[in-house]
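Only one structure is covered here, and it is reproduced in the block below.
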Amino acid sequence: MNPSPLAKEICEIAHYLYSKGLTPGKSGNISARFQDTVAITPGGVSLGQVREDEIVLLNLEGDILAGGVNPSSELHLHLEVYKNKDVKGIVHTHSAYATGFAMSGKKIERLEGFGNRIKPFIKMVDYAQPGTMELAQQVGKAIKREDVIILERHGVVATGENLTDALLLAEFVEETAKIQYISRVLSNIKF
């Protein structure tokens with residue numbers, strides 16, 4: 001795959017994420033890597049409306065190579081993940097239930113759909129201001145042995161061997177958070 005089909009794939013997945021409510025408003029961002037090129041969604045644009053010509057192509061140092069001119073404010077987060085983990089896709093969402101857990105500091109349990117359950121909970125990274133190098137470096141360090149992490153008071157970062165795998169993981173995390181929220185609420189109600 002050369003970099004230009006990445007823009008098409010990113011737009012398709014961005015539109016899907018938005019349609020499922022995983023990236024409301026202008027929140028969230030996604031990227032894909034091909035060799036030493038990273039394609040990322042632009043900042044300040046709804047993932048439901050992003051166009052192929054707005055996708056920014058960069059090298060791993062963050063230098064713009066082609067495409068749009070306004071990369072996501074979380075560009076450094078994506079670059080740190082690619083520098084620290086051999087993945088080809090990253091999805092960062094602000095989905096309601098998973099972000100609710102992130103805002104409350106409550107952990108999301110890893111259920112059977114996560115595959116081999118070595119760890120009981122999804123790792124949560126301490127709060128750092130969105131878009132900062134501090135957050136990017138924390139995520140880069142934390143993601144080394146994880147496939148997904150929760151950003152305290154912020155959202156979810158899911159990775160994959162490709163962009164579809166990252167999308168499916170982000171979607172599964174949201175469904176898992178929803179199930180756990182519902183079960184916790186129902187556990188406290190007497191019928």
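Just so it is clear, the structure is predicted and the values come from calculations on it, not from any experiment.
Applying the 6.0 Å contact sphere to CZ of Arg184 captures more than 12 heavy atoms from other residues, nucleotides or ligands. Residue Lys83 qualifies as enclosed at atom NZ: its count of foreign heavy atoms under 6.0 Å is above 12. The number of heavy atoms from other shown groups lying within 6.0 Å of OH (Tyr181) does not exceed 12. Residue Lys106 qualifies as open at atom NZ: its count of foreign heavy atoms under 6.0 Å is 12 or below. For CG of Asp86, the number of neighbouring non-hydrogen atoms (other residues, nucleotides, ligands) closer than 6.0 Å is 12 at most. More than 12 heavy atoms of other residues, nucleotides or ligands shown are found within 6.0 angstrom of NE2 on His94.
One hydrophobic cluster, built from ILVMFWY side chains closer than 4.5 Å, cannot hold both Val148 and Ile90; they sit in different ones. In terms of hydrophobic clustering, with Ile, Leu, Val, Met, Phe, Trp and Tyr side chains grouped at heavy-atom distances under 4.5 Å, Val156 and Tyr16 are assigned to different clusters. Taking hydrophobic clusters as Ile, Leu, Val, Met, Phe, Trp and Tyr residues chained together by side-chain heavy-atom distances below 4.5 Å, Val38 does not share a cluster with Leu6. In this structure, Ile122 is not a member of the same hydrophobic cluster as Val91, with clusters built from ILVMFWY side-chain heavy atoms closer than 4.5 Å. No single ILVMFWY cluster, assembled from side-chain heavy atoms under 4.5 Å apart, contains both Leu65 and Leu79.
Looking at Ser104, its side chain does come within 3.5 Å of a backbone N or O of Phe101 through a donor-acceptor pair. A donor-acceptor pair is defined here as one N or O able to donate and one able to accept, closer than 3.5 Å; no such pair exists between the side chain of Ser72 and the backbone of Pro42. Between the side chain of His92 and the backbone N or O of Ser27, no donor-acceptor pair lies under 3.5 Å. Judged by distance alone, the side chain of Glu54 and the main-chain N or O of Thr41 form no donor-acceptor pair under 3.5 Å. Under the 3.5 Å distance criterion, the side-chain polar atoms of Glu74 are matched with a main-chain donor or acceptor of Gly131. Although no hydrogens or angles enter the test, the distance criterion places no donor-acceptor pair under 3.5 Å between the side chain of Asn84 and the main chain of Lys141. No donor-acceptor pair closer than 3.5 Å links the side chain of Asp63 to the backbone N or O of Asn59.
The distance from atom CD1 of Ile30 to atom OG1 of Thr93, rounded to the nearest 0.5 Å, is 11.0 Å. Interatomic distance, OG of Ser31 versus CG of Leu57, reported as 11.5 Å (0.5 Å rounding). One distance of note links CD of Glu52 with CD of Glu9; it measures 11.0 Å at 0.5 Å rounding. The distance from the CD1 atom of Ile10 to the CD1 atom of Ile40 is 8.0 Å, given to the nearest 0.5 Å. Note: Thr23 OG1 to Leu17 CG = 5.0 Å, rounded to the nearest 0.5 Å. Between Met133 atom CE and Leu77 atom CG the span is 10.0 Å, to the nearest 0.5 Å.
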Output, in order, the C-alpha distance, side-chain angles, deciding distance and verdict of side chain to side chain contact (heavy atoms under 4.5 Å, CB included) for Lys107 and Ile150. CA-CA 9 Å; Lys107 294 181 178 180; Ile150 305 298; over 6 Å; no
Give the C-alpha distance, both sets of side-chain angles, the deciding distance and a yes or no for side chain to side chain contact (heavy atoms under 4.5 Å, CB included) between His154 and Val125. CA-CA 10 Å; His154 188 156; Val125 174; over 6 Å; no
Could you go step by step and tell me if Ile108 and Gln180 meet the side chain to side chain contact (heavy atoms under 4.5 Å, CB included) rule? CA-CA 8 Å; Ile108 299 174; Gln180 288 177 39; 3.8 Å; yes
Run Leu168 and Phe172 through side chain to side chain contact (heavy atoms under 4.5 Å, CB included) and show every step you take. CA-CA 6 Å; Leu168 293 172; Phe172 187 70; over 6 Å; no
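The existence of a salt bridge linking Glu146 and Arg110 is confirmed by a sub-4.0 Å separation between a basic side-chain nitrogen and an acidic carboxylate oxygen. A salt bridge links Lys8 to Glu12: one of the charged nitrogens lies within less than 4.0 Å of a carboxylate oxygen. Under 4.0 Å is where a charged nitrogen must lie from a carboxylate oxygen, and between Lys119 and Asp147 no such pair does.
Between Leu169 and Thr159, the shortest heavy-atom distance links the atoms CD2-O, 3.7 Å. Summarising the geometry of Ser46 relative to Tyr18, their closest heavy-atom pair is OG-CE1, 3.4 Å, with the distance given to 0.1 Å. The shortest non-hydrogen separation linking Ala166 to Gly160 is CB-N, 3.7 Å. Heavy-atom minimum distance, Ile55 versus Ala39: CG2-CB, 3.9 Å. Considering all non-hydrogen atoms of both residues, Ala98 and Val173 come closest at CB-CG1, 4.1 Å. Glu174 and Ser95 get closest at one heavy-atom pair: OE1-OG, 2.7 Å.
Side-chain atoms of Glu80 and Gln138, non-hydrogen and from C-beta on, never get closer than 4.5 Å to each other. Taking the side chain as every heavy atom from C-beta outward, Leu22 and Glu171 approach each other to under 4.5 Å. Side-chain atoms of Arg33 and Leu60, non-hydrogen and from C-beta on, do get closer than 4.5 Å to each other.
Using bins of under 30°, 30° to 60° and over 60° for the plane-to-plane angle, the ring pair Tyr82/His78 lands in the tilted bin.
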